[in-house]
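All remarks here apply to the structure that follows.
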Amino acid sequence: MTMAWQLAGSLLAIGLLVLLAWRYGQTGLPALRDEVEARAIADSIAGGFAATSCAIDGNGHGALLRDSNGRIVLVHPHGAQFIARLLGNATVCRREGAMLIVRDGNLSLPLDLAREAKEWEVLLAGPGLAA
Amino acid sequence: MSYFDPLPYAIPIFVLLVGAEIVWMHRGRRNRAYEPRDTAVSLLLGLGSTVAGALTAGAVAMALGLAHGLAPMQIGWAWWAWALCFVLDDLAYYWFHRSAHRVRWFWASHVNHHSSQHYNLSTALRQSWTGFIALAFLFRLPLAAIGFEPGMILTCAAFNLIYQFWIHTEAIDRLPRWFEAVMNTPSHHRVHHGVNARYLDRNYAGTFIVWDRLFGTFQAELSDEPIRYGLVRQLGSFNLLKAAFHEWAAILGDVVRAPWRHKLSYIWREPGWTHDGSRETSAMIRQRQGCERAGSK
């Protein structure tokens, strides 16, 4: 019985702390500080990634980076942080003006790349992506 | 066997301090320190860990009792025995923790403590559900085998765990030099949770950082290299069960797929090891980034 009460009390405390985190923590999409941060996150993929070009979403909600071998990494939000994903042949993208919508598996991320959107659309359709 | 377990008394204080840190970080305009789904996963992993610990406590106590039965002497309950037991238990923790990062079987249990990309007091509670399966208690058996009382070992271990709670924070910068030299601190432990190549597999200490300085695994926090937290290959999910079991599932998949002569290596070798070199270990990442052998300062 004591164990059951302890469990109930713990669940209640967890609920209250999560509510507090929801009220005072970050709930919206995070923003990249700068290109340095985007490059560091991209470099975290297996084997590393030395980006030669980088395009950051206008609001900082994601980025596309390309290396000298033509590989492309998508930096996308996960909660209040970012993670990197190496894009492959299964990646599809669609451009709507300055917006490039990148889809890879269960992930779909709209990126406002302004004038660079068209250039990255071409790069994402070209050879060099991971098999 | 009965022993004093301070954890039930500490948990309400943990809850209050996590709440205070959330508000503190908000007031300091550092809202990004907490994300509600990440916090929920951390706290539920902590709750599950206490349940798993309660279910396996009897078996751990029995193992300690059996080891104690083989001891050539009985150290007893003298005051100095408590102090010595705490220090030696912390040394045992250092080697457990080091193994937990270097042997994939142990890592599968420990990985969930590192799977958050945040570093806050709730991360401290992100504890394993599978520590017993990973045989973490084996590292404490030598203490019982040399004559320390099992109850004393368990109490010291609990105090060690409590000490490690407060060092999981970005709210405290650096502490006085003498303290940083001897004790594990928020600064030292931030390094341990970093995925930057320079910070990988450093600072395994529980309470006393001197073990890292002694065994060559110490790395100071560098002001020009901001820490990125989490895993080398980020989990990218807020699924509680995935957080608790993903590495066990990955081991199983690797063992099933591997050629026969490599199957065991996927269990006992370091995380990231593959027979075909398709992934990277921490040592390989450190070497690629030019920081192998550059850890100690």
Side-chain angles (χ1 to χ4, degrees), chain A residues 2-34 36-50 60 73-86 104-107 109 130-131, chain B residues 8 11-12 14-16 18-27 30-44 46-48 50-51 54 116-118 120-122 125 195-197 225-226 228-238 272 274 277-280 284-285 288-289:
Chain A
T2 309
M3 183 89 175
W5 278 110
Q6 282 178 342
L7 198 62
S10 298
L11 285 169
L12 180 66
I14 289 171
L16 290 173
L17 288 175
V18 172
L19 273 177
L20 206 60
W22 180 74
R23 172 69 181 82
Y24 292 119
Q26 175 144 347
T27 49
L29 287 174
L32 289 162
R33 281 188 296 271
D34 50 29
V36 174
E37 186 183 14
R39 285 175 183 270
I41 294 165
D43 192 31
S44 68
I45 67 161
F49 190 85
V73 161
L74 173 68
V75 171
H76 64 92
H78 172 64
Q81 306 290 336
F82 287 93
I83 55 177
R85 183 180 288 195
L86 184 63
D104 187 76
N106 57 353
L107 180 74
L109 183 68
Chain B
I11 287 172
F14 291 169
V15 170
L16 290 174
V18 171
E21 189 187 42
I22 293 171
V23 176
W24 176 265
M25 296 310 255
H26 169 73
R27 288 168 67 99
R30 298 170 74 180
N31 295 30
R32 201 168 157 179
Y34 274 88
E35 203 276 348
R37 288 167 295 176
D38 175 84
T39 307
V41 172
S42 292
L43 298 176
L44 287 169
L47 178 60
T50 58
V51 173
S116 172
Q117 289 182 259
H118 295 261
N120 54 45
L121 291 176
S122 79
L125 305 177
V195 293
N196 314 43
E225 184 155 352
R228 286 177 285 107
Y229 301 105
L231 301 174
V232 166
R233 194 174 175 191
Q234 302 290 4
L235 189 59
S237 169
F238 294 117
T274 53
S278 58
R279 296 177 215 150
E280 286 184 304
M284 290 160 73
I285 295 169
R288 171 164 58 77
Q289 299 278 10

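Chain identifiers are assigned alphabetically (A, B, ...) following the order of the sequence lines, protein sequences preceding nucleic acid strands; residue numbering begins at 1 within each chain.
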- Query: Given A:Leu32 and A:Val75, is the side chain to side chain contact (heavy atoms under 4.5 Å, CB included) satisfied, shown in steps?
  - Reply: CA-CA 9 Å; A:Leu32 289 162; A:Val75 171; 4.3 Å; yes
- Derivation of the side chain to side chain contact (heavy atoms under 4.5 Å, CB included) call for B:Phe14 and B:Leu125: CA-CA 9 Å; B:Phe14 291 169; B:Leu125 305 177; 3.7 Å; yes
- Message: side chain to side chain contact (heavy atoms under 4.5 Å, CB included), that's the test. Do A:Ile41 and A:Glu37 meet it? Break it down for me.
- Response: CA-CA 6 Å; A:Ile41 294 165; A:Glu37 186 183 14; 3.9 Å; yes
- Verdict with supporting geometry, A:Asp104 and A:Arg85, side chain to side chain contact (heavy atoms under 4.5 Å, CB included): CA-CA 9 Å; A:Asp104 187 76; A:Arg85 183 180 288 195; 3.0 Å; yes
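Both the backbone and the side chain of B:Gln117 come within less than 4.5 Å of a heavy atom of chain A. When heavy atoms are compared at a cutoff of 4.5 Å, B:Ala54 approaches chain A solely by way of its side chain, counted from C-beta outward. There is no contact between A:Ala50 and chain B, counting heavy-atom distances below 4.5 Å. Contact annotation for B:Leu47: only side-chain heavy atoms (C-beta onward) come within less than 4.5 Å of a heavy atom of chain A. Neither the backbone nor the side chain of B:Ala33 comes within contact range of chain A, judged by heavy atoms closer than 4.5 Å. Neither the backbone nor the side chain of B:Ile11 comes within contact range of chain A; no heavy atom of the residue lies under 4.5 Å from a heavy atom of that chain. Contacts between A:Ala40 and chain B at a heavy-atom distance below 4.5 Å involve backbone atoms as well as side-chain atoms. Contacts between B:Val195 and chain A at a heavy-atom distance below 4.5 Å are absent for every atom of the residue. With a threshold of 4.5 angstrom between heavy atoms, B:Arg288 approaches chain A through side-chain atoms but not through N, CA, C or O. For B:Tyr229, no part lies near chain A; criterion is any non-hydrogen pair under 4.5 Å.
B:Arg32 CZ: more than 12 foreign heavy atoms inside a 6.0 Å radius.
Scanning all heavy atoms of the two residues, the minimum distance from A:Phe49 to A:Asp43 falls at N-OD1, 2.8 Å. When every heavy atom of B:Ser42 is checked against every heavy atom of B:Ser122, the shortest pair comes out as CB-O, 3.3 Å. For the pair A:His78 and B:Ser237, the tightest heavy-atom approach, listed with the atom from each and the gap, is CE1-N, 3.1 Å.
Contact tally against chain A (heavy-atom pairs below 4.5 Å) for B:Val23, B:Thr39, B:Val15: the top residue is B:Val15. Considering only heavy-atom pairs separated by less than 4.5 Å from chain A, the leading option among B:Arg279, B:Arg233, B:His118, B:Gln234 is B:His118. Of the residues considered (B:Val51, B:Thr50, B:Leu44, B:Asn196), B:Leu44 shows the highest number of contacts with chain A, using heavy-atom pairs under 4.5 Å.
In summary, the aromatic rings of B:Tyr34 and B:His26 are positioned with their centroids too far apart to meet the 6.0 Å limit.
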